[in-house]
Amino acid sequence: MDNCVVRQAIKNRKTNTIIGYELVIQDDGESLYNASSDSVAANAMVAFLSENSQRIFNEKKTFMTFTPALLFRNVPKIFDQSKIVIQIEDNIVIHPLATVLIGKYRDAGYHFAINDFQFTPKYFSILEYVDYIKVDVTGNMDSEKRKSIENLIEMAHGFQKEFIATGVNSEEDYQWAIELEADYVEGSYISHEVTTKANKIDFLQGNFYQLIMEITKDEPNIEVLEEIISRDASLTYSLLKMANSAYFAVHQQTTSMQQAIMRVGISQLKQWVYLLSFEQDKESDSEELLKTSFLRANFASALVKRMNKFPINTADAYLMGMFSTLEYMIDATVEEILDELPVVDGVKKALIAREGEAGTLYNLILCYERAEWSEIKMYAEELGLHVNELAQIYMECVAVVNDIWRNVVGMSEEIEKRKIEETTQKKETVG
């Protein structure tokens with residue numbers, strides 16, 4: 001498949017929680033969305049979606065745009081109707097069988113969103129079938145355009161429809177979306193906005209408790225400890241910093257998790273974990289940030305495997321992805337953070353100045369997140385990567401993150417359940 005596929009977060013403006021992701025397919029002149037129903041490209045899209053249906057979804061909704069051809073071919077039925085929102089555009093709205101087509105899916109339990117809603121009879125004729133209205137609010141607009149969007153939101157709320165402001169790519173766009181009282185916001189700025197500075201490191205609770213359970217065993221498995229710690233940028237950062245501290249009088253810097261664990265030792269590692277446990281009174285509010293770092297780490301590592309004689313190895317590429325979000329988790333600059341860690345120069349240059357071949361790889365990953373198609377192609381060609389392979393690699397990495405996240409969240413829920421049961425039992429005993 002030649003086109004790129006990216007997930008973009010959709011955030012609830014009032015609760016600041018991520019309610020779902022839009023699956024964005026490359027929308028340039030060669031887009032799959034511009035393909036006819038019998039074209040090779042359309043067939044490629046159906047094959048790609050079928051193969052990746054289990055990888056696309058997690059516990060949140062997925063918003064995806066479908067053409068008339070794809071709807072007629074029943075492509076949405078590849079997916080669970082409770083987990084997908086079918087987005088439609090003008091090519092559906094003007095179709096003579098629009099209401100019949102949409103009604104069929106509504107009867108089957110699917111939900112709909114309209115991209116770039118317009119004040120025309122054709123759009124109003126299908127309004128009853130729609131749950132979400134999406135409008136692009138990017139950039140500077142004249143007063144007439146702003147007034148039109150304000151009226152649109154008022155209308156949407158009047159019909160009990162939820163409004164999603166898309167194209168929120170700057171702080172100005174975001175502030176305007178707040179003024180407009182949009183229900184949800186989507187755009188490249190959202191990933192930056194959710195990564196607010198913190199006074200201390202946030203650790204992923206479920207992942208952290210998996211670490212506690214392993215470290216408290218009579219004979220902890222070093223490989224399992226390495227795997228658990230490597231999932232979390234904050235834990236990785238803290239352990240490497242400790243392993244290379246003056247306390248251990250090191251003569252050679254430790255650069256891998258396994259080396260760090262061996263140097264610190266199980267006894268000292270247990271004390272470190274117990275100390276951190278005092279900070280686990282509430283769940284981390286950095287879920288999306290942690291997912292981002294983990295996805296970047298897996299994506300970077302997977303891409304390096306596809307390249308020959310790259311200046312950093314897969315382990316360094318993984319660290320580059322994990323550490324790319326640390327400045328939002330620790331109250332310090334990237335330079336200050338990396339100065340304390342034994343990170344190879346290629347990774348430091350990439351994260352600080354986007355320089356070198358590793359910097360090109362980092363730029364590719366960031367552009368991929370933002371769905372900047374021309375830049376993706378430019379950086380991929382510079383690295384010798386095949387653009388038509390990126391979508392599959394990306395979705396495989398998404399699947400890895402989703403699997404890990406489900407396990408971690410499941411662990412957190414089980415621990416919380418046990419706490420409640422223990423508290424109840426204690427109350428009953430006292431009573």
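Count residues from 1 along the sequence. Computed over heavy atoms, backbone and side chain alike; hydrogens, waters and symmetry mates excluded.
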**Item:** Sequence neighbours excluded - ring-ring contact (aromatic ring centres under 6.0 Å, His included) pairs with any residue from residues 84-108
**Value:**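 Residue pairs passing ring-ring contact (aromatic ring centres under 6.0 Å, His included), neighbours aside: F72-H95, Y105-Y110.
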Is the shortest heavy-atom distance from the side chain of [X] to the side chain of [Y] under 4.5 Å?
X	Y	answer
F163	Y132	no
V387	Y379	no
T62	K83	no
I365	Y394	no
V137	W176	yes
I133	E162	no
I228	V224	yes
I178	V185	no

[atom1]-[atom2] distance between [X] and [Y], expressed to the nearest 0.5 angstrom:
X	Y	atom1	atom2	result
R263	I261	CZ	CD1	13.0 Å
L269	E214	CG	CD	10.5 Å
I153	E179	CD1	CD	11.0 Å
L319	L240	CG	CG	6.5 Å
E128	T99	CD	OG1	8.5 Å
N169	S188	CG	OG	3.5 Å

Which pair of non-hydrogen atoms, one from [X] and one from [Y], has the smallest distance, and what is that distance?
X	Y	result
A9	E186	O-CG, 3.6 Å
V130	A113	CG1-CA, 4.1 Å
I266	P220	CG2-CG, 4.0 Å
L364	L383	CD2-CD1, 4.0 Å
A371	V24	CB-CG1, 4.4 Å
A300	M320	CB-CE, 4.3 Å

**Request:** Please step through side chain to side chain contact (heavy atoms under 4.5 Å, CB included) for the pair D116 and Y123, ending with a clear verdict.
**Result:** CA-CA 10 Å; D116 295 323; Y123 277 80; 5.8 Å; no
**Message:** Between the side chains of R146 and E150, is the shortest nitrogen-to-carboxylate-oxygen separation below 4.0 Å, so that they form an ion pair?
**Reply:**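 No, no charged N to carboxylate O under 4.0 Å.
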**Request:** Please determine if E369 and R296 form a salt bridge, counting it only when a charged side-chain N lies under 4.0 Å from a carboxylate O.
**Result:**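 Yes, E369 and R296 are salt-bridged.
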side-chain contact (heavy atoms from CB on, under 4.5 Å) with [X]: which residues, sequence neighbours excluded?
X	value
F159	L127, M155, K161
A297	Y318, M322
N115	T65, Q87, E89, K134
I19	I10, N12, T17, F63, Y184

Could you give the side-chain donor-acceptor pairs of residues 306-315 under 3.5 Å, partners two or more places apart or in another chain?
| from | atom 1 | to | atom 2 | distance (Å) |
| --- | --- | --- | --- | --- |
| R306 | NH1 | E389 | OE1 | 3.1 |
| N313 | OD1 | A315 | N | 3.1 |
| N313 | OD1 | D316 | N | 2.7 |

Under the side-chain hydrogen bond (donor to acceptor under 3.5 Å, both in side chains) test, residues paired with [X] that sit two or more places apart:
X	value
S230	none
S82	D80
H157	D183

**Request:** Go through the steps to decide whether I18 and K60 satisfy the test side chain to side chain contact (heavy atoms under 4.5 Å, CB included), and finish with yes or no.
**Result:** CA-CA 8 Å; I18 303 300; K60 296 180 172 64; 4.1 Å; yes
**Asked** Hey, what's the ring geometry for Y174 with Y189, parallel, tilted or perpendicular (30° and 60° as the breaks)?
**Response**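 Ring orientation, 0 to 90° scale: tilted.
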**Request:** Please report the C-alpha distance between F124 and F117 in whole Å, then the side-chain angles of each, then the deciding distance to 0.1 Å, and finally whether the ring-ring contact (aromatic ring centres under 6.0 Å, His included) criterion is met.
**Result:** CA-CA 9 Å; F124 280 103; F117 187 91; 5.5 Å; yes
**Request:** Test side chain to side chain contact (heavy atoms under 4.5 Å, CB included) on I86 and H111 and set out the steps.
**Result:** CA-CA 6 Å; I86 299 173; H111 295 272; over 6 Å; no
**Inter- and intrachain pairs under salt bridge (Lys or Arg N to Asp or Glu O under 4.0 Å), touching residues 95-114, at least two apart** =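 For residues 95-114: R106-D131.
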**Item:** Partner residues of E372 under the salt bridge (charged side-chain N to carboxylate O under 4.0 Å, His left out) criterion, sequence neighbours left out
**Value:**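 Testing E372 for salt bridge (charged side-chain N to carboxylate O under 4.0 Å, His left out), a comparison that skips the adjacent residues, returns R370.
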**Message:** Tell me whether E223 at atom CD has more than 12 heavy atoms from other residues, nucleotides or ligands lying less than 6.0 Å away.
**Reply:**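 Not more than 12 within 6.0 Å, no.
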**Request:** Take atom CD of E181 as the centre, draw a 6.0 Å sphere, and report whether it contains more than 12 heavy atoms from other residues, nucleotides or ligands.
**Result:**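 No, because the 6.0 Å sphere around CD of E181 holds 12 heavy atoms or fewer from other groups.
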**Asked** For the side chain to side chain contact (heavy atoms under 4.5 Å, CB included) test, which of I92, I126, I164, D90 pairs with I114?
**Response**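 Result for side chain to side chain contact (heavy atoms under 4.5 Å, CB included) with I114: I126.
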**Message:** Which residue is it: M262, E226, E227? I am looking for the one with a side chain to side chain contact (heavy atoms under 4.5 Å, CB included) to M257.
**Reply:**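 Among M262, E226, E227, the one meeting side chain to side chain contact (heavy atoms under 4.5 Å, CB included) with M257 is E226.
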**Prompt:** Step by step, would you call N298 with S301 a side-chain hydrogen bond (donor to acceptor under 3.5 Å, both in side chains)?
**Reply:** CA-CA 5 Å; N298 280 273; S301 181; over 6 Å; no
**Request:** Verify side chain to side chain contact (heavy atoms under 4.5 Å, CB included) between L303 and L390, making sure each step is shown before the conclusion.
**Result:** CA-CA 8 Å; L303 291 176; L390 294 182; 3.7 Å; yes
Atom pairs and distances, donor-acceptor, side-chain atoms in residues 351-359, under 3.5 Å, two or more places apart:
| from | atom 1 | to | atom 2 | distance (Å) |
| --- | --- | --- | --- | --- |
| R354 | NH1 | N363 | OD1 | 3.2 |

**Whether Q160 side chain and G158 backbone form a donor-acceptor pair below 3.5 Å** =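 Yes.
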